[in-house]
Enquirer: 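Below you'll find the structure I mean.
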Amino acid sequence: MSQERLLSGLATMIGSAASNQVGAAAGAHAFPAIGPAGVVAVRQVVAAAVLLPVARPDPRRFTWAQWWPTLLLGLVFAIMNLSLYTAVDRVGLALAVTLEFLGPLAVALAGSRTGKDLLCAAGAGVGVYVLVLPDAASDWAGIGSGLVAAACWAAYILLNRLVGARLPGLQAPAAATTVSALLYLPVVLVLAARGGLTATALLFAVGAGVFSSVVPYAADLIALRRVPARFFGVVMSVHPVFAALAGLVLLGETLRSHEWLGIVVVVTVNVLAVSPAGVRHSGAVLPAPGERPGICSGGDLAE
């Protein structure tokens, strides 16, 4: 795998992370009018409306090997987005996304092959803990929602890479997003019937759909075709950083000293993880079905 391919994937992932958190902050502005479920519903409909005409998937030609991960990915989209926005509503953007980051961190740990990579992932975990500092007064329902989002994000990484190898272009995220949008269609209809879809709420929810669904789904699919899943998981440590900044700038969420310290730790670990030495050791790929993570070798699955 060439250095240029990895650097290109890195730039794509960072852009995806920034877009995702801007969209999440935009969606939070619509919570008072339509709630987290309403934002997710509009977001998924918007994503499907944009991706379908671009990708033009033909479900009639999908084989079962293409269908089952696509359906699972659609379900993961539906649960991941709702659990994340529920956490954002209850504990704030920075904490919610930091908890969600435990998913990619788990992927990074599972696929680690060197001591340096393992230390990088562990360091990112320390940064997450310092950023959060949970205590007895914490909103455990919000924290639990963030952990559900974490599990979904880990599944998203694995499934997105799998369907990206089995379906060309953007057909996989387009089809999966459509599945998720259909699951949320009743929510949209109920909100419309009750008059909850005001112009302002729609504007913010549509913004969440574009910045948190359309852009990241496409960018992550491209990145996962260029870099190993473990490398993807480590680099995604920038998500808590961008979430904290988006929360500060767009939502007025003031950060405390330990949160800034956590950000510094996560950024430092991320820089170490994507240094030239780290890139050279990022050769692991996802295992074939039935194999354990971290024991395979070879080229990129998408090649």
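Position 1 is the first residue of the sequence, and the numbers go up from there.
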Enquirer: Specify the closest pair of heavy atoms between Val97 and Pro240, including all atoms of both residues, with the distance to one decimal.
Expert: CG1-N, 4.0 Å
Enquirer: State the CG-CG distance between Leu95 and Asp139, to the nearest 0.5 angstrom.
Expert: 9.0 Å
Enquirer: For a quick test of reading the model, state the closest non-hydrogen atom pair linking Thr12 to Ala219 and the distance between them.
Expert: CG2-O, 3.2 Å
Enquirer: Transitively linked via ILVMFWY side-chain contacts under 4.5 Å: Ile222 with Met13?
Expert: no
Enquirer: Is there a ring-ring contact (aromatic ring centres under 6.0 Å, His included) between Tyr85 and Phe31? Walk through the geometry before answering.
Expert: CA-CA 9 Å; Tyr85 278 147; Phe31 288 166; 5.7 Å; yes
Enquirer: Side chains of Asp58 and Arg61: closer than 4.5 Å at any heavy-atom pair?
Expert: yes
Enquirer: Of the non-hydrogen atoms in Pro36 and Thr86, which two are nearest, and what is the gap between them?
Expert: CB-N, 4.0 Å
Enquirer: What is the minimum heavy-atom distance between Val188 and Ala41, and which atoms define it?
Expert: CG2-CB, 3.6 Å
Enquirer: Could you give the distance from OG1 (Thr198) to CG (Leu203), rounded to the nearest 0.5 Å?
Expert: 9.5 Å
Enquirer: Group every Ile, Leu, Val, Met, Phe, Trp and Tyr by side-chain heavy-atom contacts under 4.5 Å, then state whether Leu197 and Leu82 land in the same group.
Expert: yes
Enquirer: Are any of the side-chain heavy atoms of Leu52 and Pro57 separated by less than 4.5 Å?
Expert: yes
Enquirer: How far apart are the closest heavy atoms of Ala244 and Ala94, and which atoms are they?
Expert: CA-CB, 3.8 Å
Enquirer: For Val40 and Tyr184: C-alpha separation, side-chain torsions, deciding distance, then whether side chain to side chain contact (heavy atoms under 4.5 Å, CB included) applies.
Expert: CA-CA 8 Å; Val40 174; Tyr184 278 104; 3.5 Å; yes
Enquirer: So, Glu100 versus His239: side-chain donor-acceptor pair below 3.5 Å or not?
Expert: no
Enquirer: What is the distance from atom SG of Cys152 to atom CD1 of Ile79, rounded to the nearest 0.5 Å?
Expert: 5.0 Å
Enquirer: State, to 0.1 Å, how close Ala28 and Val88 come at their nearest heavy-atom pair, and which atoms those are.
Expert: CB-CG1, 4.3 Å
Enquirer: Just by distance, do the side chain of Gln21 and the backbone of Ala18 share a donor-acceptor pair under 3.5 Å?
Expert: no
Enquirer: Just how far is it from atom CG of Leu162 to atom CH2 of Trp68, taken to the nearest 0.5 Å?
Expert: 5.0 Å
Enquirer: For the side chain of Ser212 and the backbone of Ala24, is there at least one donor-acceptor N/O pair under 3.5 Å apart?
Expert: yes
Enquirer: Counting C-beta onward and ignoring hydrogens, is there a side-chain heavy-atom pair between Leu84 and Trp153 closer than 4.5 Å?
Expert: no
Enquirer: Are Val264 and Val126 grouped together when hydrophobic residues (ILVMFWY) are joined by side-chain heavy atoms under 4.5 angstrom apart?
Expert: no
Enquirer: Cluster question for you: counting only ILVMFWY and a side-chain heavy-atom cut-off of under 4.5 Å, with indirect links fine, are Ile157 and Val148 together?
Expert: no
Enquirer: Verify, without hydrogens or angle tests, whether Arg43 (side chain) and Val206 (backbone) share a donor-acceptor contact under 3.5 angstrom.
Expert: no
Enquirer: Just wondering, do Ile143 and Leu99 contact through their side chains at under 4.5 Å, heavy atoms?
Expert: yes
Enquirer: Under 3.5 Å, is there a donor-acceptor pair between the side chain of Asn81 and the main chain of Phe77?
Expert: yes
Enquirer: May I ask you to test the Thr63-Gln66 pair for a side-chain heavy-atom distance under 4.5 Å?
Expert: yes
Enquirer: What distance do Thr70 atom OG1 and Leu167 atom CG have between them, rounded to the nearest 0.5 Å?
Expert: 5.0 Å
Enquirer: Assess whether atom CZ of Phe211 is packed by more than 12 heavy atoms of other residues, nucleotides or ligands within 6.0 Å.
Expert: no
Enquirer: Could you tell me the separation between the CE atom of Met80 and the CG atom of Leu75, rounded to the nearest 0.5 Å?
Expert: 11.0 Å
Enquirer: With a 4.5 Å limit on heavy-atom distance, are the side chains of Val76 and Leu159 in contact?
Expert: yes
Enquirer: Donor-acceptor pair, distance only, cut-off 3.5 Å: does the side chain of His258 make one with the backbone of Val130?
Expert: yes
Enquirer: Please check this pair: side chain of Arg166 against backbone of Ala65, looking for a donor-acceptor N/O pair closer than 3.5 Å.
Expert: yes
